[in-house]
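Below is one structure, written out as structure tokens; the observations come after it.
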Number of protein chains: 2
Amino acid sequence: GAPGAGGYGAFPGQQQDPLYGYFAAVAGQDGQIDAEELQRCLTQSGISGTYKPFSMETCRLMISMLDRDMSGTMGFPEFKELWTVLSNWRQNFSTFDRDRSGTVEPQELQQAIGAMGYRLSPQSLNGVVKRYSTHGKISFDDYVACCVRLRALTEAFRRRDASQQGVVNFAYDDFIMCTMTI
Amino acid sequence: GAPGAGGYGAFPGQQQDPLYGYFAAVAGQDGQIDAEELQRCLTQSGISGTYKPFSMETCRLMISMLDRDMSGTMGFPEFKELWTVLSNWRQNFSTFDRDRSGTVEPQELQQAIGAMGYRLSPQSLNGVVKRYSTHGKISFDDYVACCVRLRALTEAFRRRDASQQGVVNFAYDDFIMCTMTI
């Protein structure tokens with residue numbers, strides 16, 4: 001159909017989007033999905049490819065990352081945004097996972113973080129990568145969990161760093177809200 | 001045996017501690033356990049009682065909370081410290097979970113956070129509790145995950161708040177290290 005052709009009800013144009021099918025299959029009347037519905041939706045869509053489906057914890061992180069109104073749910077626009085980001089991360093991950101083992105090496109996650117434009121000290125990089133490793137390897141699920149949190153925490157920091165000095169004055173309550181809700 | 005009676009090898013006195021049995025059953029030669037070993041150890045010890053065993057994610061958080069040297073593993077002294085904290089949290093949780101459903105209400109987690117001495121604004125409390133809820137209820141595993149992160153993040157904040165003003169100047173790298181390694 002022509003873009004923007006209406007007459008399909010509340011969300012003209014969305015029905016033409018191939019992603020809308022995955023979303024609509026799990027979303028309720030309110031057009032929102034929670035973490036469990038997101039998990040089902042992503043599993044059914046096959047976005048993890050040959051990798052294990054996303055854990056509930058990682059799905060919750062994905063919801064939080066884009067949950068500007070702190071509702072605990074996600075609408076279709078956020079789902080589309082998530083899809084784009086996830087597709088990129090999966091492509092990066094498979095570039096590193098040449099032997100299709102389903103895991104990458106710590107130094108590969110470090111490289112990926114650098115390639116995404118994050119500038120971290122060797123000490124921080126090391127701590128971050130260790131946090132997401134199991135027996136010295138990083139699974140796709142943990143890779144995504146790491147990327148989601150890094151993105152969300154960096155955005156939260158930037159929003160508060162108005163003068164772009166790389167330094168933010170955090171009051172305790174704001175610090176906890178900003179870090180515990182991710 | 002008499003306390004401190006030696007002659008048992010590397011760690012005299014520890015063999016008398018009833019907790020040492022759980023720990024030694026999973027620890028390797030180096031006397032350290034990782035998140036997977038902690039999960040097995042806690043499951044075997046029955047500390048979750050009738051509640052579901054802890055998830056891998058929550059076990060990782062427990063390791064990180066006490067991992068001062070960022071090794072990703074835990075020794076026996078940290079395990080004992082964790083045990084004390086977990087026993088308290090379980091007791092608090094069961095006080096709230098009167099009907100033994102395995103879950104508590106959002107306002108009960110809010111009350112518990114207050115009772116532990118954390119002073120958070122209603123907005124933060126609300127965000128935190130929502131993050132750990134599933135369909136409006138909080139399981140024991142998520143309750144503990146929340147308590148672990150709140151404790152670890154508050155300690156990280158306090159260590160940087162030398163003058164106890166409740167405000168900390170975070171450089172980006174330090175902020176990421178402090179929040180991403182929990």
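By convention in this document, chain letters (A, B, ...) are assigned in the order of the sequence lines, proteins followed by strands, and residues within each chain are numbered from 1.
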Identify which part of [X] has an atom lying under 4.5 Å from any heavy atom of chain A, answering side chain, backbone, both or neither.
X        : answer
B/Arg60  : side chain
B/Ile182 : backbone
B/Asp34  : side chain
B/Ala171 : both

If one checks every heavy atom of A/Ser64 against chain B at 4.5 Å, the contacting part turns out to be side chain
Practice prompt. Check whether A/Cys146 gets within reach of chain B through its side chain, its backbone, both or neither, counting any heavy atom under 4.5 Å.
Written response: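 Both parts, backbone and side chain.
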Can you find a pair of side-chain heavy atoms, one from [X] and one from [Y], that are under 4.5 Å apart?
X        : Y        : value
B/Thr154 : A/Tyr172 : yes
B/Phe175 : A/Thr179 : yes
A/Phe170 : B/Val167 : no

Ordered numerically, the heavy-atom neighbours of chain B under 4.5 Å found in residues 113-144 of chain A are A/Tyr118, A/Arg119, A/Leu120, A/Ser121, A/Gln123, A/Ser124, A/Gly127, A/Val128, A/Lys130, A/Arg131, A/Tyr132, A/Ser133, A/Thr134, A/His135, A/Asp142
>> If we define contacts as heavy-atom pairs under 4.5 Å, which of B/Met70, B/Arg158, B/Gln165, B/Met56 has the most with chain A?
In response: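 Option with the top pair count is B/Met70.
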For B/Leu153 and A/Met180, the nearest pair of non-hydrogen atoms, with its separation, is CD1-SD, 3.7 Å
| Should B/Val148 and B/Leu42 be regarded as members of a common hydrophobic cluster, given that ILVMFWY residues are connected when their side-chain heavy atoms come within less than 4.5 Å of each other, either directly or indirectly? | yes
If Ile, Leu, Val, Met, Phe, Trp and Tyr residues are connected whenever their side-chain heavy atoms lie under 4.5 Å apart, and connections chain through other members, are A/Met177 and A/Leu66 in the same group?
->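 Unlinked, A/Met177 and A/Leu66 end up in two clusters.
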Item checked: Heavy-atom pair count under 4.5 Å with chain B, highest-scoring of A/Asp67, A/Ile176, A/Asn169, A/Asp174 ->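 Option with the top pair count is A/Asn169.
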